[in-house]
4 protein chains.
Amino acid sequence: MIFASDNWAGASDKVMAALEAANGGPAPAYGNDDVTRRVEAAMADLFERDVAVFLVATGTAANALSMAAFSPPWGAVIGHRDAHFNADECGAPEFFAGVKTIGLPGARAKLAPETVAAALAEMPAGVVHHSQPAVLSLTNATELGTVYTPDEVGTLAALVKTRGIAVHMDGARFANAIAHLSCAPSELTWRAGVDVLSFGATKGGALMAEAVVLFDRSRTEALGYLRKRAAQLVSKHRFVAAQFEGWLADEHWLDLADHANAMAMRLATGLSASTGARIGWAPEANEVFAFMAPATAARLREEGAAFYEWSMSGLAPEDAPRLGEQLYRLVTSFRTTEAEVDRFVALVG
Amino acid sequence: MIFASDNWAGASDKVMAALEAANGGPAPAYGNDDVTRRVEAAMADLFERDVAVFLVATGTAANALSMAAFSPPWGAVIGHRDAHFNADECGAPEFFAGVKTIGLPGARAKLAPETVAAALAEMPAGVVHHSQPAVLSLTNATELGTVYTPDEVGTLAALVKTRGIAVHMDGARFANAIAHLSCAPSELTWRAGVDVLSFGATKGGALMAEAVVLFDRSRTEALGYLRKRAAQLVSKHRFVAAQFEGWLADEHWLDLADHANAMAMRLATGLSASTGARIGWAPEANEVFAFMAPATAARLREEGAAFYEWSMSGLAPEDAPRLGEQLYRLVTSFRTTEAEVDRFVALVG
Amino acid sequence: MIFASDNWAGASDKVMAALEAANGGPAPAYGNDDVTRRVEAAMADLFERDVAVFLVATGTAANALSMAAFSPPWGAVIGHRDAHFNADECGAPEFFAGVKTIGLPGARAKLAPETVAAALAEMPAGVVHHSQPAVLSLTNATELGTVYTPDEVGTLAALVKTRGIAVHMDGARFANAIAHLSCAPSELTWRAGVDVLSFGATKGGALMAEAVVLFDRSRTEALGYLRKRAAQLVSKHRFVAAQFEGWLADEHWLDLADHANAMAMRLATGLSASTGARIGWAPEANEVFAFMAPATAARLREEGAAFYEWSMSGLAPEDAPRLGEQLYRLVTSFRTTEAEVDRFVALVG
Amino acid sequence: MIFASDNWAGASDKVMAALEAANGGPAPAYGNDDVTRRVEAAMADLFERDVAVFLVATGTAANALSMAAFSPPWGAVIGHRDAHFNADECGAPEFFAGVKTIGLPGARAKLAPETVAAALAEMPAGVVHHSQPAVLSLTNATELGTVYTPDEVGTLAALVKTRGIAVHMDGARFANAIAHLSCAPSELTWRAGVDVLSFGATKGGALMAEAVVLFDRSRTEALGYLRKRAAQLVSKHRFVAAQFEGWLADEHWLDLADHANAMAMRLATGLSASTGARIGWAPEANEVFAFMAPATAARLREEGAAFYEWSMSGLAPEDAPRLGEQLYRLVTSFRTTEAEVDRFVALVG
């Protein structure tokens, strides 16, 4: 009953097999190898256009490098205040990009257009006293298990493009968002106005493999230098590439995400029917947020369940806890089993 | 006949097996797992003392984080001008640590005490106009295949400690240095005055696994934050740790390095007896530097050999090329075979 | 009728005279001169204790250097969201100190203890995923013309000291705060828990002279290097020092601030009695915030008045505008005359 | 007998008068004032073309901002190893621009084209492992009192422009160089290929006033933000501008530099005829480098002379000291008198 995080899961068998397969004879270092070439081609197929792909070891790196590529040092990155880059990366955007980060409120971890518009109005263009908004970062799926639709992304992108602001998507759980929406990856990204995507494979079944996918190719040269200088150019690069190769092949990545999402839905459905827990909102990806009494949570943990208590400080009024409730996050993964879910639900009572 | 670099080799079978073994059930993320605990213990055993260990994805990260941990922003890092941090990391030390890098000359990529002393004399303590020397970085084995002995390290360390300067060892090829010296790792590091080691497993047989090993524990807390902020805290951390576990077990790392070193010696011996090539200096690790006519090099490449031409600009007078000669670097690895070496030598003629 | 900003005023005659007096024969550069020594002694007298003083050219520099001295690169600086460092310094704190800035809400530009406590609770100590709160920055007088009392500063300082957080005071208008409170400078600073003060003379009557005053002397050495590296060590240093000498002598600085504050009070009193404007809240320093109809503002500008419209987005509910009102900031200075004020009030009608 | 540095001198009377004149009524802050407009026009006249001018408080700021404007974070700045930016700015270029600094040797503090060409050859374009050369910085007059001619600047500029490298001139003593060459400022700058000039008034007679002069206007917007973020946008900006206005008017700046240069020539001539000192090389600006016995130097200091011993580590073979000699730097200024010079020479004996 491990619902602590999807990064507690190991790697999928197919990803491991791809890694083994890549460990043949010698291969050029630093990305000049065949596996890397094939992954780049696979990404172009997947996104239905020419893209530049930069593989890195962590999602924080993918986010911070994306921001560094699209922001001048005097820029600001705007996003939800709960966004990973703002709340959980120990200042990596400030370090990599020199930027100021602007964390905005928004129900269920999503930004509303009016909130973004109001923030932009406070930072007029051409005034040297203010950091200049340079990047809008949208996390999809969000930190609260919700998903921006292509239309929602498009509306936000159109809004900020009038100011020349680039759109970044933090896709640590991009797979789960696509699985939920059943749309083409292109629809949720460049066709909706996204310039650069942090495309994460780690949470979805890889060991450590993340990609910066550039739809706006103008920053390609910059990213090459930025990645090396930031110590993210892996020398035996084929071993990062191989993880993506195994993960992307035959829609394996979507199968894994479908499973994780289905487990979240099963968990939400079960808890909704329980008396010991209450679902905060319908899960759209692989995270369920449940209100429970702390005593219930303690009892579950004694039975071996692992999950985190979650902050309630940013909850919208309609999502407020009732007396005696605490909020808990339950994350499913490609490894979550129906048995795990059902046992958890049964224990909740 | 791949002598381009040791990072063209794949991973050793035992490292791959350790990786597979780590892919069992769920495990806490971010280093809070059992494999990581075991690797920390193995490092303490190996170095015969309490150490703090921070695993990262690249050698550049290990170097730059070491410097950031031991230097204030106004510090300077002193090292050989051919050192990887100075010549091949695209400014990572400047980025991670804010420091100024001071590249000094020295025969066969090693620093002489008098060179370091002269440099320090130019940067007097307490003068705000100069960057303050904060870290001496020694690469061992060096970029030219030579090795600092424990005595040489000790002499340099003692010299700089009078100025309160920390000693960093870039050990991307630390295994090859230890294999050459047949000394205890402690003798070449903290017993000789080294405060922090970049301990590289990648070139020696891992996929992507490097460690910052702190002998001076005072920077432990700082490194925890620095690593996360620099996007080098791998979420599924057990997969970096497992590589080290497999590599360190049963002296596997030394066996691999012994083999690579032996192949370099076999290559050097063979080339010394040839008429088509001349060895620049005796290899002490897994790199051979040979003078050849460019036509010879071209012929070898046509036969499938891979290796790089090398800069001759920093050669000491006694290592100068003769008329018509060019310098080439030939790197062996744990995967290099006797047959490869012998075929190469035979082709040289 | 210049109420645009106190930095529109020139320099006081006594400051100019001190500058002339310093322009005698040769003097050592970089702060090794007699005028600088005398200013350091005057600061020690003023604050009734040993202090370290670093003179710089701008208030932004004083703020950002203070933060850099007291925060590690992975630190966070907490302050009011309207604070100059957060809203009007184009990311200088992020640049100088590498930090993340956390802008919190608070009525009339002041932070309430509970707001700070809640923010700290969201950033637990020892967790590498979050920037670590390192500095609390309080602006006094604030951006909305209000003043923290020594007690209020003490309460906030005591709150954050339990987390090892340093307290910085942005005193660009420190003189106006002291003039309002009629307390000793020591009471509003180190006796209340302030570790470092940006002590600004520019707005109060100098040409360009700001000081970082260290009450916590542990950062003295660091600040010396940080100031030089940040290009804020003025070579003909006596000319910055002389401005402070003239400004501090014979309580000239307080006389100037008293006058500016009195002009603000006269303006507020006048406007309160008018029908064309409404005071937002009682001024405590040299800034008056007035609600007027835009047409009134336009008419005043036509008559030669200079002042800025101000954002109403952060106003507390009790300070909300009424229908048709806009908020305007009116800043007085040591040069403001009663005639200017009276004419403005008369024009408001 | 003050020959320690030209920044030991005060300010010229005309500069002080201009400062006084600027202290009239209110004026817009941050450079939106009439004095600033007039200085911009004066600069355009002086350089015979449209330029963008950014005034700052220190020469280090002018240098570091110039580099930040013309280099990406992964860039390298190439200059003489004795250049102020490399040797005396405590890492400001690394801080402001993120760059790596490359200090090259060269006789009498000047760079030879072949030295620059060799350095560029070691840093091939398009290789992510190396910092990319982005700026060539030439100090004129140099740190050793010599001067690059327009032809020399042109040759170096043409050499690096083939790699897309920008040319920066550190003109802390630009006035002395122009006075020596009797050429138009345009000839020594943009007509010779200079893209950006640090134009220093401080050493030449101002209190604290330096300018970044952009001949390549493409970096104008960037510099506006960079200057503010680096805390170099002086709020009462007219007081920096006024110094330039007084200094530039009626060729006052050239008169002052002519005097300083003449005093250096008088000093050199006198010392050449003495038995107690030997001139290292003919002065071309306002610095004389003399070899003396340490006992002679000690005796001069006892008589009240102030000057610095200078490093001999970078001297070309033809400039080597003779047995028992030490090198000393003697700097003249606009305030140096013939009597001071003659007394010093007489004391040398």
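So you know, we letter chains A, B, ... as the sequences are listed, proteins then strands, and number each from 1. Since the model is a prediction, treat every value here as computed from it, not as a measurement.
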Parallel, tilted or perpendicular, as decided by the 30° and 60° cut-offs, for the rings of D/Y225 and A/W74: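 Rings of A/W74 and D/Y225: parallel, as their planes differ by under 30°.
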Quick check on [X] against chain A: is it the side chain, the backbone, both or neither that has a heavy atom closer than 4.5 Å?
| X | result |
| --- | --- |
| D/H129 | both |
| D/A222 | both |
| D/P73 | both |

If you count heavy-atom pairs under 4.5 Å between each of A/R227, A/Q132, A/E221 and chain D, which one has the most?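 Of A/R227, A/Q132, A/E221, A/Q132 has the most heavy-atom pairs under 4.5 Å with chain D.
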If you tally heavy-atom pairs under 4.5 Å against chain A, which of D/G126, D/A68, D/S131 wins?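 So the answer, after comparing D/G126, D/A68, D/S131, is D/G126.
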Count the heavy atoms of every other residue, nucleotide or ligand shown that sit under 6.0 Å from CD of A/E20, and state whether that count exceeds 12.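 Yes, CD of A/E20 has more than 12 neighbouring heavy atoms, counting only those of other groups under 6.0 Å.
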